[in-house]
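A short worksheet on the structure shown next.
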Amino acid sequence: MSKRLNRREFIKILGAGTGGALVGASTIQTFAGMKTASSADLITEGSIEKTPTYCELCFWKCAGWVHKKDGEPWKITGNPDDPNSHGRFCPRGTGGIGTYTDPQRLKTPLIRIEERGKQVFKEATWDEALDYIAAKMNKIKEKWGPECIALFTHGSGGTYFKTLLKGFGSNNIAAPSYAQCRGPREEAYLLTYGEGVGSPERTDMVNSKCIVLIGSHIGENMHNGQVQDFSEAVANGATVITVDPRYSIAASKSKYWLPIKPATDMALLLAWINVIIEEELYDKEYVKQYTYGFEELKKAVKKNTPEWAYPITTIKPHLIRETAREMAKNAPATLVHPGRHVTWYGDDTQRVRAGAILNALLGSWGRRGGFYAPAKAKVEKYPLPEFPKPKKDWKDAFPDQFPLANLALSSGICDATIPTPGKDCSFKGWIVYGTNLPLTLPEPKKTIEALKALELVVAIDIMPMEITGWADVVLPECTYLERYDDIRISPGRESTIALRAPAFEAKYDTKPAAWIAKELSKKLGLEKYFPWETFEDYLDYRLKSIGSSLEEMKKIGVKKLAHDEDLYFLNGEEYEFGTNTGKIELYSTALEEHGFDPVPKYTHHEEPPEGYYRLNYGRAPMHSFSRTTNNSYLTDLMAENVVWINPLIAKEWDIKTGDYVVLKNTDGTKSNKIKAYVTQRIRHDSLYMVHGFGHRQKQMSTSYLKGADDTNLMSRVKIDPIMGGTGMRANFITFSMEDV
Amino acid sequence: MARYAMAIDTKRCVGCADCVVACQTENNVPIGYCRDWIVQDTYGEYPNLSMEIRSERCNHCDDSPCVRCCPTSASHYAEGGIVLVTHDECIGCKACITSCPYDARYVHPEGYIDKCTFCIHRVKEGEDPACVAVCPTHCMIFGDLDDKNSEISKVLRSRKYKTLIPEAGTKPHVFYLL
Ligand code: SF4
Ligand code: SF4
Ligand code: SF4
């Protein structure tokens, strides 16, 4: 391959000494309607228009501007007034126009019909599609009750369907972001501090002097403001301690990289707590004033010395001590990052709690460089009539289980849909908004079983994702660039709101979620829950309540509101925490009440059998999982995922970088073929891939069968007994050489 | 007079490629092509590793073989030492592509040679180039080396830096902070 060709691959990953390993691909195509400039100076000519938006390519919801030139889509940039982005979008947000121009988008409503014994979709009008849904929903309500319909949701447009479902009489509303992602984190912090971490995270990383990343690959996860804070802290000389079996980007910015043996993080956290207590490095005043159960904690971790942790974690005792001292030296400006995707091994609430306890010992909660108190704009809600009271909910299928789950479990609703003797499995209808469940929920066989058992499946999406293939009715939503949405109210250092207005006319026969939900409400006789005439009226009403207006927001996009919260509130002030004892609970009375360990304990997790490796997975900065893998700007940067393999393992299997391999798990499930990336950057006991690839939906031809789907290999999960999270790092995989 | 240059902090860059997408959209670079790109260099063996990440582009060299070899003078020095290609004058002979040690140029599907312009159209309006303005890690500084008080002049005085393939003798004006 010539050097010239290599460059077109955008991202060169070179391993010195091992030769170049190239990742990336190039599809060559141009968009109709996109003109190329004939010289550098011509670019600013022509008429330019700007429309405010907030990004929908991930949950960070950065606010920015959509630019048009001569009426044609041009670019998206950040709004400098926005605290989530500081005027800088991430690669996904910057490439957002690729989502709008994607020629493989859903274009019209579809209804599944049977034709000559075959299931096919027929194009339908909105009226037909919504009539069909309403009739089925009413039938389910009559026969089994309104609670037998569940909603899965992710993203801004989900809120209208939440309203619809509540009006209909069901409270079964789940987001995979809880039980499959950050649920254990929220519960762990709630148990310890009486408050969650929230999103965007209330971490004061920008002011941290020491940052501990244990299960967080900042920089590869492009959570915009957080990456900016991290980079700023690094530039200011913060000591970074990264615990990761993989030499992540963050590890490369760290003073200490601790390549821990996977599944043993709890042992390291307990050993750190042990050192900090035994060497009396903790913040004595803070611990005395604000915490509960120090003596119990001290007793419980007595045995968890660095020497005890060494054979478990493979991290040398002197390094455990040194890093613990480093944390204490910089405290309280030391942040033990709470992580985000924390559903790993089933004891996840406990593991995250160990980190929360460490933060408490360092006195970083409520202090500069640790965690701040977030401000959140208070904007009046549009008045709605009261919702009916549901008679049952998803929890009825799990009596005595997951006592501390504060939100519905997607996986729980899935389980409660599969007919099971002796279990109250009564779900008959799913409305699925923007969540591609087959590539999201582990144990995909179960998801399929549930989908097959349902009377009604409605998928509302932008792309023909895998879930749409299982739907009875598919409703094509327009992209975020073609619609209004509710006001963005994010927690943060400042109290701000942001507006999303349509920059473009909706393409094809697509509609905004708000319109879809309102029209469906009319068919169900629930229009009283959508009392606004147009969505502009709705927004204007809310904006006027804070002294702004739709007109003003269209001009400024982001507005900062006054607020009087103190960012740092635990510098000796009296404070009542929302826990049983009103203190930071090092010893959790709530966990004790429910029969769980009040202080986290180490549990040994199963290890891979001979010849197998632990399946680890994560993010790449240019993708939001399967949501973006068909966006041509972003596939240009990364068209398929690769599997990271330590050179020793690669040698054993005679695999070279660039070879396609097939992976299989201990249950014999095989992956799609995936390119090998042989690298020193990973341990020998695990393999790693970026999640969200391996689409199996032909209609998305850009991403069809590109790379492998890790979810497909997750046939085993470890359930967190505290809140029902699905631990997904319990799967072991190997190479299926006969398939290469 | 001005001498424009860029300093890119390898300590901050996370290799997210936002600079690539921002350039593509700003300059209507067609999908499948790019004017800037990312290089990740990893050194060492597990677990003793180090890594350098660079966002690369045309170095707007002082002594540019691409300008020297261009038969039509389409490749030329513009204000502030920026190296540009006048698309209308370019005959697509690719001499410059062969001569550039950095592989900074490509053939645009419309037939002419294209590459980084330091977003001169933005610089003229007092803005930073698109890649600099978008970078979420704030790792790039663009400015005028002739102005001793510019941020870039200051950072090049206070930090260690390198240029790429200095032995080619092209005098690059993209500096990598180490
Ligand atoms: S972090 Fe990136 S994808 Fe997420 S909202 Fe911001 S710009 Fe969009
Ligand atoms: S945008 Fe910034 S951090 Fe991202 S790759 Fe480019 S230079 Fe590096
Ligand atoms: S980097 Fe290449 S194209 Fe740019 S000025 Fe130097 S020689 Fe010319």
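So that the names make sense, note that chain A is the first sequence line, chain B the second, and so on, each numbered from 1. The structure displayed is predicted, hence computed values, not measured ones.
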| query | Looking only at atom types and distance, does a side-chain atom of A:Lys75 sit under 3.5 Å from a main-chain N or O of B:Asn27, one as donor and one as acceptor? | reply | no
| remark: Note: vs chain B, highest number of non-hydrogen pairs under 4.5 angstrom among A:His684, A:Arg683, A:Arg92, A:His86 is A:Arg683
| note | Rounded to the nearest 0.5 angstrom, the CD1-SG distance for A:Ile249 and B:Cys13 is 8.0 Å
| note | Looking only at A:Ala251, A:Gly93, A:Gly225, A:Pro259, most heavy-atom pairs under 4.5 Å shared with chain B are made by A:Pro259
| query | For B:His138 and A:Gln228, does a side-chain donor sit closer than 3.5 Å to a side-chain acceptor? | reply | yes
| query | Donor-acceptor pair, A:Gln680 side chain versus B:Tyr46 backbone, under 3.5 Å? | reply | yes
| Given a strict heavy-atom distance threshold of 4.5 Å, which part of A:Glu220 is in contact with chain B: side chain, backbone, both, or neither? | neither
| query | Is there a donor-acceptor contact under 3.5 Å from the side chain of B:Lys11 to the main chain of A:Ala235? | reply | no
| request: Tell me, for B:Ala133 versus chain A, whether the close heavy atoms (under 4.5 Å) come from the side chain, the backbone, both or neither. | output: backbone
| request: Return yes if some donor-acceptor pair links the side-chain N/O of A:Arg88 with the main-chain N/O of B:Val132 below 3.5 Å, else return no. | output: yes
| query | What residues form a ring-ring contact (aromatic ring centres under 6.0 Å, His included) with A:Tyr688, not counting sequence neighbours? | reply | A:Trp644
| said: Any side-chain to backbone donor/acceptor pair from A:Asp636 onto B:Gly32? Under 3.5 Å, distance only. | reply: yes
